[in-house]
Structures are given as structure tokens and as C-alpha cells.
Amino acid sequence: MKDRISELLEEVSKMSAENADQLEALRIKYLSKKGEISSLFNDFKNVAAEQKREIGGLLNELKTKATERIAEMKAEFDAQQAKADAPDVTRTPDPIEVGTRHPLSLVKNEIVDIFSRIGFSIAEGPEVEDDWHVFSALNFPPEHPARDMQDTFFITREPDVLLRTHTSSVQSRVMTSQQPPIRVLCPGRVYRNEAISYRAHCFFHQVEGLYIDKNISFADLKQALLYFAKEMFGEQTQIRLRPSYFPFTEPSAEMDISCNICGGEGCAFCKNTGWVEILGCGMVDPAVLEACGIDSKVYSGYAFGLGVERITNLKYRVKDLRMFSENDVRFLDQFKSAF
């Protein structure tokens with residue numbers, strides 16, 4: 001019997017199982033009522049009296065080690081099963097699907113990222129503004145049509161408080177609060193009293209840029225805008241600048257890009273011209289610099305402004321501006337892979 005106990009002690013010390021079924025088979029083999037160890041305890045009565053003390057101690061040791069080893073393996077399997085059954089707290093609860101950024105946010109972030117690579121930082125300001133920051137500081141004369149009720153949402157009159165019609169008001173705030181060099185990008189929502197249609201809305205989004213320093217020229221402006229166009233629409237993109245008028249810039253220009261849909265060949269989107277207008281720009285009028293406390297004899301600068309919806313239309317070919325504000329998930333789901 002002593003030799004058999006020694007053999008079983010060695011077996012128990014090497015005992016292993018790959019799954020719960022194998023573990024249960026081992027338990028039955030060694031610890032069940034008809035198992036190996038139980039059989040030895042049944043034969044213990046036949047052991048000589050002078051050996052009972054030694055054999056009994058060995059039997060107890062065998063049973064303890066077998067019990068402990070099987071309990072240890074069971075605890076390991078239970079822990080593995082608990083881990084497998086535990087819920088994944090990082091997973092979105094079913095059936096809620098993971099969302100995506102709004103297409104306007106995707107495009108705005110891309111615009112900001114492109115200009116940040118050439119040194120522009122973000123500047124923000126309030127959407128409810130006063131007349132001076134929106135109009136007067138930017139060289140809008142008192143009789144300018146943009147001051148009329150048909151274009152601007154006024155909240156109060158005398159003093160004039162209104163919803164900003166462009167993010168240029170952020171530029172005027174920056175110019176009055178700090179001295180050059182200034183190189184900022186001003187993204188945000190703006191409001192105009194316009195009829196809502198597939199091509200216009202009473203609110204939309206702009207990103208405007210301002211760079212003021214010594215010896216800034218129109219060539220600097222053109223190079224910055226050419227860099228933006230190629231980064232946003234592809235290396236093959238060409239630009240052209242057409243003379244225009246804005247109260248706060250002189251000279252002023254509208255910028256077109258070669259149509260990224262037809263490659264400049266002419267299509268319905270570009271009205272068969274091969275060109276699409278995307279922004280307005282120009283050199284900051286000296287009167288604006290002086291109104292904001294910047295010496296126009298020392299400093300010069302350029303400014304530009306573009307509509308985020310316009311760029312989004314070009315990038316994703318969305319034909320109806322109203323879709324951006326209707327929160328139709330069928331429309332928004334199409335942008336899940338865009339971020």
C-alpha cells in the first residue's frame with residue numbers, strides 16, 4: 001500500500017486538465033466514493049497495527065494534496081469563465097450604433113488643420129455682437145446695405161446688438177486686443193436674414209483668416225491660398241483670383257478653383273466654366289488697421305473668408321444646404337467612415 005500511495009502522490013503532483021470536463025474526470029478518478037483514494041481508505045483496515053500510524057499519515061497527505069490541486073485548477077477555470085462572461089464596458093450598448101462627426105465639423109476641422117500647418121492659431125468670439133465689432137471697425141459705412149434689417153438679425157437697437165453676420169467680428173476683436181504679428185483663423189457660425197432654400201440658409205458656418213505683420217503683400221496671400229487649395233482638393237488644383245469689392249479689404253478678390261468634379265473640363269456643377277468660386281480675400285484696408293489701433297504705415301496684412309458649407313458641397317457633392325441642419329440620420333450615416 002505504501003508503494004501505491006507514493007505512486008498516487010506523484011500522479012497528483014503532475015495532475016493537469018485543459019478544460020472543466022477533464023477536471024471533473026480527475027476528481028471522479030481520485031476523490032469519488034469509488035475512486036483511487038477512497039479504495040485505499042477502504043483497504044486501510046487490513047494494514048498491520050504497527051504501520052497504521054505511518055500509512056494513515058500518508059493517506060491523509062494524499063487526499064489533502066489531491067483535494068487542493070483539484071480546487072486550485074477549478075478556481076483557475078472559474079476565473080477564466082468569469083472573464084469570458086464579463087461585459088465589455090468599452091463597447092457601445094447594443095443596439096445603439098457608434099456615431100460620427102457632422103460633415104460640416106469634418107470639413108471645418110480639415111480647414112483648421114491645413115492652415116495650422118502654416119502658423120495660424122484659432123481665435124473665437126461671441127455670436128451676439130455689437131455694431132462696432134461687426135460693421136464700424138471693418139469700414140462699413142452707415143448706409144451700407146448689410147446694416148439693413150433685411151440682411152441682419154438685430155436683437156436691440158440703440159445700442160445696436162445683433163447676431164454676427166460674419167466671423168470678421170472676431171478679427172476686429174483680435175486687432176483691438178493685441179499688436180502684430182497676428183496670424184489667426186476664426187471659425188464659427190454666422191446669421192443672415194435670408195430666405196431658406198437649397199442654396200441658402202439663415203445660418204451657416206465660416207472660417208476666416210487674418211495675417212498682419214510688416215511687409216505682408218498680396219503675393220503672400222496668393223501663396224497661402226494656393227497651398228490651402230492643393231491640400232484640400234488635391235495637388236492638381238489650380239486657382240484664379242478675380243477683382244472684387246469688400247469694405248474691409250483693398251484690393252479685394254474672389255478666388256476660384258478648378259472644378260474638382262470635372263477636372264476643369266466643364267460640368268453642370270461649375271456651369272461648364274471649369275471653375276468654382278470658394279472664397280473672398282484681399283489686403284486689409286488701412287482704415288481698418290487704424291480703427292483697431294494698428295499703425296498702417298508700419299504694418300500691412302491680408303484677410304480671407306470661406307463658407308464651410310460651400311467647401312463641404314465641393315468635397316462631398318451635397319446639393320441641398322438644408323440637409324446639413326435637418327439631422328436626418330440616413331444622410332449623416334454616410335459620413336461614418338469619414339473621420
Side-chain angles (χ1 to χ4, degrees), residues 111-112 114-115 118-121 123 125 132-141 143-147 151 164-176 178 180-188 190 192 204-233 237-258 275-311:
I111 295 170
V112 169
I114 291 171
F115 281 106
I118 53 176
F120 283 83
S121 59
W132 192 87
H133 286 99
V134 176
F135 296 129
S136 298
L138 298 171
N139 203 34
F140 281 79
E143 68 280 3
H144 196 280
R147 293 175 177 268
D151 292 324
R164 65 185 182 188
T165 59
H166 47 199
T167 55
S168 301
S169 59
V170 181
Q171 297 181 25
S172 60
R173 285 185 174 274
V174 171
M175 286 188 286
T176 55
Q178 67 183 75
I182 296 171
R183 182 152 45 183
V184 295
L185 208 63
C186 312
V190 298
R192 293 182 188 174
F204 52 98
H205 300 78
Q206 287 185 333
V207 176
E208 298 196 21
L210 174 69
Y211 183 24
I212 300 175
D213 205 343
K214 297 177 180 178
N215 302 317
I216 301 300
S217 68
F218 204 95
D220 298 315
L221 169 62
K222 181 180 178 181
Q223 187 59 38
L225 296 181
L226 178 61
Y227 170 79
F228 164 72
K230 289 181 176 293
E231 289 294 304
M232 175 61 74
F233 299 106
T237 305
Q238 300 178 12
I239 68 170
R240 72 177 184 184
L241 296 168
R242 296 177 288 103
S244 186
Y245 167 76
F246 303 109
F248 38 87
T249 54
E250 179 61 37
S252 303
E254 299 275 3
M255 189 182 93
D256 303 331
I257 62 167
S258 54
W275 297 92
V276 180
E277 177 189 327
I278 65 167
L279 59 83
C281 61
M283 301 300 293
V284 179
D285 193 303
V288 173
L289 296 176
E290 295 292 342
C292 294
I294 296 175
D295 191 343
S296 62
K297 295 182 176 60
V298 178
Y299 297 102
S300 58
Y302 64 71
F304 58 86
L306 52 90
V308 179
E309 281 83 351
R310 182 67 167 168
I311 304 299

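By convention here, the first residue in the shown sequence is residue 1.
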Task: Shortest non-hydrogen contact from Q206 toward V190 - done: OE1-CG1, 3.8 Å
- [ ] Could you tell me whether the side chain of S121 reaches within less than 4.5 Å of the side chain of R183, counting heavy atoms only?
- [x] no
Open item on the list: I'd like to check Q171 versus V284 (side-chain heavy atoms, cut-off strictly below 4.5 Å). Are they in contact?
Closed with: no
Task: G209 to L185 - nearest heavy-atom pair and separation - done: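 Result for this residue pair: CA-CD1, 3.9 Å.
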Task: Separation of E290 CD from D285 CG (nearest 0.5 Å) - done: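 It comes to 10.0 Å.
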- [ ] Give the minimum heavy-atom separation between I311 and I278, together with the two atoms involved.
- [x]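 Taking every non-hydrogen atom into account, CD1-CB, 4.0 Å.
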Open item on the list: Testing the basics here: between V112 and P187, what is the closest heavy-atom pair and its distance to 0.1 Å?
Closed with: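 Distance-wise, the nearest heavy atoms are CG2-CG, 4.5 Å.
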Task: Residue among R164, H133, E208 satisfying side-chain contact (heavy atoms from CB on, under 4.5 Å) with V170 - done: R164
TODO: Drop me the distance from R240's CZ to L226's CG, to the nearest 0.5 angstrom.
DONE: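 One finds 15.0 Å between CZ of R240 and CG of L226.
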Task: Derivation of the side-chain contact (heavy atoms from CB on, under 4.5 Å) call for R242 and W275 - done: CA-CA 12 Å; R242 296 177 288 103; W275 297 92; over 6 Å; no
- [ ] May I ask you to test the V207-F120 pair for a side-chain heavy-atom distance under 4.5 Å?
- [x] no
TODO: Grab the two heavy atoms, one from A253 and one from F246, that are nearest each other, plus how far apart they are.
DONE: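 Closest pair (atom of A253, atom of F246, distance): O-CE1, 3.6 Å.
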- [ ] Classify the angle between the aromatic ring planes of F228 and F115 as parallel (below 30°), tilted (30 to 60°) or perpendicular (above 60°).
- [x] parallel
Task: Trace of the side-chain contact (heavy atoms from CB on, under 4.5 Å) decision for V288 with N139 - done: CA-CA 6 Å; V288 173; N139 203 34; 3.8 Å; yes
- [ ] Find the distance between OH (Y227) and CE (M232) and round it off to the nearest 0.5 Å.
- [x] 11.0 Å
Open item on the list: Using side-chain contact (heavy atoms from CB on, under 4.5 Å), reason through I257 and I239 one step at a time and then give a plain yes or no.
Closed with: CA-CA 4 Å; I257 62 167; I239 68 170; 4.1 Å; yes
- [ ] Compare all side-chain heavy atoms of C186 with those of L210 and state whether any distance is below 4.5 angstrom.
- [x]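 Not touching, per the 4.5 Å side-chain cut-off.
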Open item on the list: Is it the case that over 12 heavy atoms from other parts of the model lie below 6.0 angstrom from the NZ atom of K222?
Closed with: no
TODO: Could you tell me whether the side chain of L221 reaches within less than 4.5 Å of the side chain of Y211, counting heavy atoms only?
DONE: no
- [ ] List the steps, then state whether side-chain contact (heavy atoms from CB on, under 4.5 Å) holds for C281 with L241.
- [x] CA-CA 9 Å; C281 61; L241 296 168; 4.1 Å; yes
Open item on the list: To the closest 0.5 Å, what do you measure between NE2 (H205) and CD1 (I111)?
Closed with: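 So the NE2 of H205 and the CD1 of I111 are separated by 11.5 Å.
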Task: Salt bridge present between R310 and E277 (N-O < 4.0 angstrom) - done: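 Salt bridge between R310 and E277, a charged N being under 4.0 Å from a carboxylate O: no.
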Task: Nearest-0.5 Å distance that lies between atom CG in L289 and atom OH in Y299 - done: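 With rounding to 0.5 Å, CG (L289) is 11.0 Å from OH (Y299).
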Open item on the list: Distance check, rounded to the nearest 0.5 Å: C292 atom SG versus W132 atom CH2?
Closed with: 4.5 Å
Open item on the list: Could you check whether any side-chain N or O of S258 sits under 3.5 Å from a backbone N or O of Q238, counting only pairs where one atom can act as donor and the other as acceptor?
Closed with: yes
TODO: Could you check if a side-chain atom of T165 sits within less than 4.5 angstrom of a side-chain atom of F135, using non-hydrogen atoms only?
DONE: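 Heavy-atom side-chain distance check passes, below 4.5 Å.
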Task: Smallest separation among heavy atoms of F248 and S168, with atom names - done: CZ-OG, 4.2 Å
